[in-house]
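Numbering of ligands and ligand atoms starts at 1, following listing order. Values in this document were obtained by computation on a predicted structure and should not be read as measured data. The chain is numbered in sequence order, starting from 1.
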Amino acid sequence: MRPVLVINSGSSSFKYQLLDVDTTRVLATGLVERIGLGLGQITHDTLGVKTERTAHFDNHTVGFEAMLEAFKEQGPDLEKFAPIAVGHRVVQGGSRFFEPTIIDDVVEINIEELSQLAPLHNPGALQGIRAARKIFTRVKHVAVFDTAFHQTMPPASYTYAIDTEVAKQYRIRRYGFHGTSHSYVAKKTAEFLGKPLNDLNMIVLHLGNGASACAIRGGKSVNTSMGMTPLEGLVMGTRSGDIDPAILFYLNRVAGYDVDALDRLLNTKSGLLGLAGSNDMRDVAGRAETGDEKARLAIEVYALRIRHYVGAYYAELGRLDAIAFTAGVGENSDTLRLATLENLESIGIQIDNERNSARSRSSRLISTDSSKVRVLVVPTNEELEIAVQAAEAAE
Ligand code: AMP
């Protein structure tokens, strides 16, 4: 048995999961919420037994102490299931980090320095790392970056057509995100198809609250729809994805929107929420079925954007073997999957309606037997992938 503790920390909360990478069994999961915000809560879940407790967590260290306490009271015993590594999810690794990295003081400083590129994400991860390193002193801590998988993109994919000097000075380029998920799903797709990953060209569609597409050649990311930040690309729960950048100048000049208002508009008030008043695809799809025009349009815009990326990446890859849907929407919404890929027989993509609408939590094929491109639904598991990568790096 090789237990690994996975930490996904934000600035006022963190999620944890203890899992055994040998059996992939989850031993415990938990969530510490409202750190530094008055009365907080810890939820600890061990094989279906769930406890909740409220307390004040002044900082992340106090949160981690509460987590240790929960393990002591409810198990599993961290002496018996001692983690061989602690894996930390870090959103932005810039151009510096292209693989899981053992955390020392210098790596911490580098992650801190990259906060400028990811002000909403890296500072929270760092708070989690610092607190966890104080609590788990004898085990290696490994940073697993959302951007790392995309460091194989060629310059033509990651370069924006702006003044190169400005781009260089401010590190403006496409970094891409959801890399842990894209990498996990690519491996699972190859396993499912019984083909070596090296021989496969595929497109992974990670459609959750955040959403991104990734073109993968022989297991390596060659392009992805998120850019310098997670705002670019597909329509998401609350983010717009691609828009004409001149809309920002226009809103500033004509309507007086300042930078913060524009940031809020595009990151938190757009996407499905902006179009249909809800960021939950279940709501929007349900309303579309009952004839709600806004909801119907939202789904059309959402699906058409994905379709564009599928076409673009198909052309880029030259040969396409598989398309894999994953994450909340991708795994659960047959309507959306169909809307995205219907009527593409002429380019070798044919969805089997019965397979598409069958419910399952396992990896499965949803294309017809004669479809040249195999279309699959592959449940993602970012925690497991972080754990496996952390264990490999620490050994
Ligand atoms: P994630 O970020 O991967 O947890 O995905 C969250 C998104 O998945 C939300 O927009 C949910 O509405 C969506 N989702 C979850 N279950 C379903 C479902 N059965 N049908 C459609 N969307 C779903």
Arg130 meets the salt bridge (charged side-chain N to carboxylate O under 4.0 Å, His left out) criterion, sequence neighbours left out, with Glu108, Glu112
Tracing side-chain contacts under 4.5 Å among Ile, Leu, Val, Met, Phe, Trp and Tyr outward from Met1 reaches Leu5, Ile7, Phe14, Tyr16, Leu18, Leu27, Val32, Ile35, Ile42, Phe57, Val62, Phe64, Met67, Leu68, Phe71, Leu78, Phe81, Val86, Ile135, Phe136, Val139
Original post:
Under a single-linkage rule joining Ile, Leu, Val, Met, Phe, Trp and Tyr whose side-chain heavy atoms are separated by less than 4.5 Å, which residues share a cluster with Val49?
Top reply: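 ILVMFWY cluster around Val49 holds nothing else.
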Determine whether the side chains of [X] and [Y] contain a donor N or O and an acceptor N or O closer than 3.5 Å.
X	Y	value
His178	Thr380	no
Glu165	Gln169	no
Tyr184	Glu383	no

Compile the protein residues with any heavy atom at a distance under 4.0 Å from an atom of ligand 1; present them by chain, then by number.
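Its neighbours under 4.0 Å (heavy atoms only) are Gly208, Asn209, Asn279, Asp280, Met281, Arg282, Ala327, Gly328, Val329, Asn332, Ser333, given by chain and number.
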